[in-house]
Colleague: 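The structure's right below; bear with me while I get my questions together.
Keep in mind the model is a prediction, meaning the values are calculated, not measured.
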Amino acid sequence: MRKEREMGRRREKGGRVDGLEVKLPSFFRCPISLEVMRSPVSLCTGVTYDRDSIQRWLDSGHRTCPATRLPLPSPVHLVPNLTLRRLIHLWSSPHLLPPPPPSSSPDDLLLDLRSSSSDPLPLLDRLSAFFSSPTTDDSEKDRLTSSVHFAPALVSRVVDDNAGLEALRAAVRVLALVLGMESRRELAIAALIADLDGSVSALLKVLKSGDGAEEYRIDAATVLDSILSSPSCDSERRILIVEKPDLFPELVRLIDPPDTMDPAAADAGLRCLLAAAKGRHARAGMARAGAVPALARALTAAELPATTAERALKAMEAAARSAEGRAAVCEAAEACVGAVMERVLKVGREGREAAVAVLWAACVAAEDRRAREAVAGARGGAAKILVVMQGGCSPAAARMARELLRVFKVDAESCSVGYDTKTTHIMPY
């Protein structure tokens, strides 16, 4: 504490370093706060102030220059005085006085992001705090992300091969925060797509990390989901992403970890899995990565929310549209049918229709005996299928439900008929 007070006095008055008297240049002081400026900005009157001080002056309703009393135009433009900022930093070198704390203004953050730094972590932490803080005004966030230089500079930190894992995670965290801003997300996605191979490889590196890195793996899945869901991600780019051998195994591991499930991680993984599951090749890749049994286990987890369970059912339906996915459902028929039947009436319409499609794919399209036996033996299965069919589902889902009902054996309490046919079935979607 004593040292901090001493440094404060030295900053205010200058001081003695290595036997030499150091005087503080007067133009380093803000005319309002009389302290060394952290982020000097100039008004149209030619006077330079510290950004925080002049902003408070303007926010209080003043529309004149504090030093000259001249009226200011509307809107007031604060122009960063980069020359003075460099002089202050040079003067505050380690041989003289410690530099002032770094500024978190959009202009200064962008300037620091575009400059090279041996240790990018402090800057990335400042950016993360800037975007995640509820006290940061949305207009300030928008001003930073709208710069044509911001997204490319941030992505360059992600694809930097020389950056360590910690810096890479921090950069991906900032990207995930930026992509949460609907107004400017396409600028960030365009920068990611400009170096798609490098970007995806870096994101997969974060996805593969472990040791308490769940929050960073969620960030990586969120960024991948944003890329895959963007209109800018055409079929050629999508193929480049889904052909990465680690993509589907890592998403499956995020959804169905070997230890305790994290509902937030499962939801992020499912969103990304659904965004990737477009096209036969991608669906087959999902199935080969073990997505079907993993989804069945996730559906039985009590901590899985209904909205996430609905995504799991839709992901299983996507997998079941491929021969590999149907084979996986049939291979684990008892577990898959049990999980689907357990959730079918606890989700929304899309989830219910996805559940019916999964059962139909195994029992009718694949005509698998194991799947039929599991469906026929499901407790209350016929009643659940009837509820879906009569609950305002789509015509395709209603047709699949009717065909599924034939799987259930005739008994005294059922109005269903037995199913035994050699009819060739065509997928209704």
Colleague: Are any side-chain N or O atoms of Arg349 and backbone N or O atoms of Gly392, one a donor and one an acceptor, separated by less than 3.5 Å?
Modeller: yes
Colleague: Could you name each residue pair satisfying salt bridge (Lys or Arg N to Asp or Glu O under 4.0 Å) that touches residues 378-396, not counting sequence neighbours?
Modeller: none
Colleague: Check this for me: does any side-chain nitrogen of one of Glu334 and Arg370 sit under 4.0 Å from a carboxylate oxygen of the other?
Modeller: no
Colleague: Does the pair Asp52/Arg56 count as a salt bridge with the N-to-O cut at 4.0 Å?
Modeller: no
Colleague: Among residues at least two apart in sequence or on other chains, which ones pass side chain to side chain contact (heavy atoms under 4.5 Å, CB included) with Thr48?
Modeller: Met37, Pro40, Ser42, Asn81, Leu84
Colleague: Going by side chain to side chain donor-acceptor pair (under 3.5 Å), name the pairs with one or both residues in residues 281-304, residues two or more places apart or in two chains.
Modeller: Asp256-Arg297
Colleague: Of all residues at least two apart in sequence or in a different chain, which pass the side chain to side chain contact (heavy atoms under 4.5 Å, CB included) check with Arg237?
Modeller: Ile193, Leu196, Cys233, Asp234
Colleague: List the residues meeting salt bridge (charged side-chain N to carboxylate O under 4.0 Å, His left out) with Glu243, not counting sequence neighbours, and say none if there are none.
Modeller: none
Colleague: Once salt bridge (charged side-chain N to carboxylate O under 4.0 Å, His left out) is applied, do any residues pair with Glu140, and if so which ones, sequence neighbours excluded?
Modeller: Arg143
Colleague: Under the criterion side-chain hydrogen bond (donor to acceptor under 3.5 Å, both in side chains), I'd like the reasoning laid out for Asp50 against Ser33: C-alpha separation, chi angles, the key distance, then a yes or no.
Modeller: CA-CA 8 Å; Asp50 188 47; Ser33 67; 5.4 Å; no
Colleague: Run Arg399 and Arg402 through side chain to side chain contact (heavy atoms under 4.5 Å, CB included) and show every step you take.
Modeller: CA-CA 5 Å; Arg399 188 174 70 172; Arg402 282 194 298 272; 3.8 Å; yes
Colleague: Once side chain to side chain contact (heavy atoms under 4.5 Å, CB included) is applied, do any residues pair with Ser147, and if so which ones, sequence neighbours excluded?
Modeller: Leu110, His149, Phe150
Colleague: Just to verify, what does Phe130 make a ring-ring contact (aromatic ring centres under 6.0 Å, His included) with, not counting sequence neighbours?
Modeller: none
Colleague: Should Arg321 and Glu317 count as an ion pair when the cut-off is N to O under 4.0 Å?
Modeller: yes
Colleague: Please identify each residue that fulfils ring-ring contact (aromatic ring centres under 6.0 Å, His included) with His62, with sequence neighbours left out.
Modeller: Trp57
Colleague: Let's go through Ile189 and Ser226 carefully: what are the C-alpha distance in whole Å and the side-chain angles of both, what is the deciding distance for side chain to side chain contact (heavy atoms under 4.5 Å, CB included) to 0.1 Å, and is it a yes or a no?
Modeller: CA-CA 7 Å; Ile189 290 171; Ser226 297; 4.3 Å; yes
Colleague: Can a donor-acceptor pair be found, under 3.5 Å and without considering hydrogens, that links the side chain of Ser201 to the backbone of Asp197?
Modeller: yes
Colleague: Considering only NZ, NE, NH1 and NH2 on the basic side and carboxylate oxygens on the acidic side, decide whether Arg85 and Asp112 come within less than 4.0 Å.
Modeller: yes
Colleague: Measure from the side-chain N and O atoms of Thr145 to the backbone N and O of Lys141, and report whether any donor-acceptor pair falls under 3.5 Å.
Modeller: yes
Colleague: Yes or no on side chain to side chain contact (heavy atoms under 4.5 Å, CB included) for Leu168 and Val158, after CA distance, side-chain angles and deciding distance?
Modeller: CA-CA 6 Å; Leu168 174 57; Val158 173; 4.0 Å; yes
Colleague: Are Arg253 and Glu250 close enough for a salt bridge, meaning some N to O gap below 4.0 Å?
Modeller: yes
Colleague: Which is it for Ser229 and Asp225 under the side-chain hydrogen bond (donor to acceptor under 3.5 Å, both in side chains) test, yes or no, and what are the steps along the way?
Modeller: CA-CA 6 Å; Ser229 303; Asp225 173 32; 2.9 Å; yes
Colleague: Applying side chain to side chain contact (heavy atoms under 4.5 Å, CB included), name anything that partners Ala335, two or more places apart in sequence or on another chain.
Modeller: none
Colleague: Going by atom types only, do Asp137 and Ser139 share a side-chain donor-acceptor pair under 3.5 Å?
Modeller: yes
Colleague: With Asp219, which residues qualify under salt bridge (charged side-chain N to carboxylate O under 4.0 Å, His left out), at least two apart?
Modeller: Arg173
Colleague: By salt bridge (charged side-chain N to carboxylate O under 4.0 Å, His left out), which residues pair with Arg280, not counting sequence neighbours?
Modeller: none
